[in-house]
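Residue numbering restarts at 1 for every chain, and letters A, B, ... go by the order of the sequence lines.
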Number of protein chains: 2
Amino acid sequence: MAWKNPLTTVDVAIFTVADEALQVLLVQRAAAAGEPFPGDWALPGGFVDVERDADLEACALRKLREKTGVATPYLEQLGSWGDAKRDPRGWSATHAYFALIAPAPLRADGNAADARWFPVSGDGVRVKLAFDHARLLAAAIARLRGKVEYTSLPAFLLPKEFTLSELQRAYEIVLGRALEKSAFRTRVLGAGLVEPVARTRQGPNRPAQLYRLRNPRKPVFFSRAFSPRDA
Amino acid sequence: MAWKNPLTTVDVAIFTVADEALQVLLVQRAAAAGEPFPGDWALPGGFVDVERDADLEACALRKLREKTGVATPYLEQLGSWGDAKRDPRGWSATHAYFALIAPAPLRADGNAADARWFPVSGDGVRVKLAFDHARLLAAAIARLRGKVEYTSLPAFLLPKEFTLSELQRAYEIVLGRALEKSAFRTRVLGAGLVEPVARTRQGPNRPAQLYRLRNPRKPVFFSRAFSPRDA
DNA sequence: GGAATAGTGTCTATTAGACATTATTCC
DNA sequence: GGAATAATGTCTAATAGACACTATTCC
């Protein structure tokens with residue numbers, strides 16, 4: 001192989017919903033000499049380890065597990081970005097994924113000395129990101145918002161059991177706009193996306209039926225988007 | 001960098017519609033000694049050239065141009081596949097794209113001694129493909145079929161000017177099922193996807209209005225899929 | 001006029017959206 | 001009973017699908 005070969009990394013945009021906001025997990029880069037973007041915040045990621053990672057998805061899952069302990073997220077490939085300039089060390093290409101998980105405490109161990117949830121505002125976060133991660137994150141947010149219009153993705157941002165109101169709230173947080181309750185329920189129940197469990201959520205008011213995903217691995221696609229009106 | 005780094009390639013699934021079928025462009029691999037999969041058919045692609053390719057998309061466009069001469073196709077990133085075994089030369093990752101172009105004569109020059117259109121049948125072609133290209137091609141076909149339900153992608157498989165009947169036929173070929181004429185026209189015209197040009201297609205019957213894309217760069221997304229009935 | 005395809009009109013069924021109403025709990 | 005949220009019902013507007021019908025060319 002007489003070829004100069006690009007560097008290969010995997011980065012993961014990990015989302016959840018907490019505190020009434022969409023949150024993304026960022027890690028702080030080491031301040032060691034020679035490291036690019038020392039101290040900056042970045043999406044969890046890094047070089048593919050050809051000894052440990054069987055394939056790209058396994059690599060993404062490993063990075064997610066190292067930061068959150070979550071082993072079975074919703075994981076989707078976002079795309080890849082590669083050019084001569086995005087990494088000061090040379091021509092590099094990253095395989096970007098995005099993951100949706102229920103709110104989870106972060107693992108402080110390992111090399112992830114500093115991992116934190118950041119609320120999403122607009123098409124990014126308020127801190128400057130390393131590499132071209134602002135671009136990756138914007139793409140992840142756009143993909144998520146786009147798919148939420150016609151899929152069940154927000155269900156993966158919630159704990160295993162949830163009420164329809166909580167699900168609707170997750171949709172509204174990601175979309176940034178209110179949805180009509182009746183239409184929302186008809187749609188969700190009609191799609192067979194969830195099934196009721198024999199428990200209710202108690203509160204200072206009428207208890208709410210709890211549901212769980214009928215298929216916790218696969219999202220459901222609706223044949224119509226929400227609010228075609230504004231389209 | 002003490003890292004063993006994966007090999008990096010770009011592959012492109014190039015589609016068109018001709019002879020009443022969806023066609024994909026394949027190239028025959030060299031039979032030289034040491035080359036993997038000698039003589040097998042494969043998607044056009046190969047190693048990223050860090051000297052010539054500014055970024056991944058430029059690399060994909062270069063490969064498309066080398067085979068077809070087309071410079072401005074509809075080009076979309078399909079995803080990436082990387083693992084330890086897909087290339088006998090070592091851990092490799094490919095960035096896959098898919099392109100839609102109007103029927104075009106192939107360029108016989110260059111290293112593409114043998115490039116041919118193959119009709120798509122089912123989720124692939126009838127010849128055995130090199131590497132994991134059968135998997136890539138199946139993913140490309142699935143993506144195309146899926147998006148055709150709710151986008152204007154088939155318009156990119158036609159020449160610059162076309163009639164609504166020709167556009168409908170392109171949809172039907174990709175989808176593999178008939179569409180209702182009236183609903184189709186209402187939808188296409190209502191979406192403002194095309195605009196009439198001051199010419200008609202003559203034939204042994206009533207001439208048909210010719211249209212062109214209003215925006216030849218960007219696809220249109222419909223808010224509803226075709227035939228939600230069967231969904 | 002006949003064949004062939006282009007293009008339009010009418011009707012119905014489905015369903016999202018808006019909004020009102022009823023239901024069930026805690027205090 | 002009052003507050004709060006859950007859950008359902010009713011009405012309307014939009015539109016896809018089915019299918020019939022009209023229009024325009026060549027022969």
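Residues A:Val24 and A:Val125 form a side-chain contact, since some pair of their non-hydrogen atoms from C-beta on lies under 4.5 Å apart.
Less than 6.0 angstrom separates the ring centroid of A:Phe184 from the ring centroid of A:Tyr171.
Residues passing the side-chain hydrogen bond (donor to acceptor under 3.5 Å, both in side chains) test with B:Ser152, sequence neighbours excluded: none.
Minimum atom distance to the side chain of B:Ala208 is reached by C:dG7, of the listed C:dG7, D:dA6, C:dT15. With C:dA6, C:dG17, D:dC19 as the candidates, the nucleotide lying closest to the side chain of B:Glu180 is D:dC19.
Atom-to-atom, CD of B:Gln209 to P of D:dA23 comes out at 18 Å; the value is rounded to the nearest Å. Atom CZ in B:Phe162 sits roughly 18 Å away from atom C1' in C:dT5 (whole-Å rounding). A straight line from CZ of B:Arg201 to P of C:dA6 spans 10 Å, rounded to a whole angstrom. For A:Phe184 and C:dC19, the CZ to C1' distance is 18 Å, given to the nearest whole Å. In this structure, B:Tyr171 places its OH atom 13 Å from P of D:dG17, rounding to the nearest Å. Across the protein-nucleic acid pair, B:Leu210 atom CG and C:dT5 atom C1' stand 14 Å apart, rounded to whole Å. Protein atom CZ of B:Arg185 is 16 Å distant from nucleotide atom C1' of D:dA16, rounded to whole Å. Rounded to whole angstrom, the span from the CG atom of A:Leu164 across to the P atom of D:dT5 amounts to 16 Å.
Evaluation of the salt bridge (Lys or Arg N to Asp or Glu O under 4.0 Å) test over residues 130-139 of chain A, restricted to residues two or more places apart or in two chains, returns A:Asp83-A:Arg135, A:Arg86-A:Asp132, A:Asp132-A:Arg135. Applying the side-chain hydrogen bond (donor to acceptor under 3.5 Å, both in side chains) rule to pairs touching residues 70-79 of chain A yields A:Tyr74-A:Glu76, A:Glu76-A:Arg143, A:Glu76-A:Lys147, A:Gln77-A:Tyr97, A:Gln77-B:Ser80, sequence neighbours excluded. Applying the salt bridge (Lys or Arg N to Asp or Glu O under 4.0 Å) rule to pairs touching residues 13-26 of chain B yields B:Glu20-B:Arg169, sequence neighbours excluded.
Between A:Ser165 and D:dA6, a side-chain N or O to OP1/OP2 separation shorter than 4.0 Å is present.
Salt bridge annotation for A:Arg212-A:Glu195: present, with a cationic side-chain nitrogen under 4.0 angstrom from a carboxylate oxygen. The pair B:Glu161-B:Arg199 meets the salt-bridge criterion, since a charged nitrogen lies less than 4.0 angstrom from a carboxylate oxygen.
On a pure distance criterion of 3.5 Å, no polar donor-acceptor pair joins the side chain of B:Ser182 and the base of C:dG7.
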Do any N or O atoms of the protein come closer than 3.5 Å to N or O atoms of nucleotides 24-27 of chain D, and which pairs are they?
from   : atom 1 : to       : atom 2 : distance (Å)
D:dT24 : O2     : B:Arg206 : N      : 3.4

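Ring-plane geometry between B:His95 and A:His95 is classed as parallel, the angle between the planes falling under 30 degrees on a 0 to 90 degree scale with a further cut at 60.
End-to-end axis angle of the helix from C:dG1-D:dC27 to C:dC27-D:dG1, using five pairs per end and rounding to 10°, comes to 10°.
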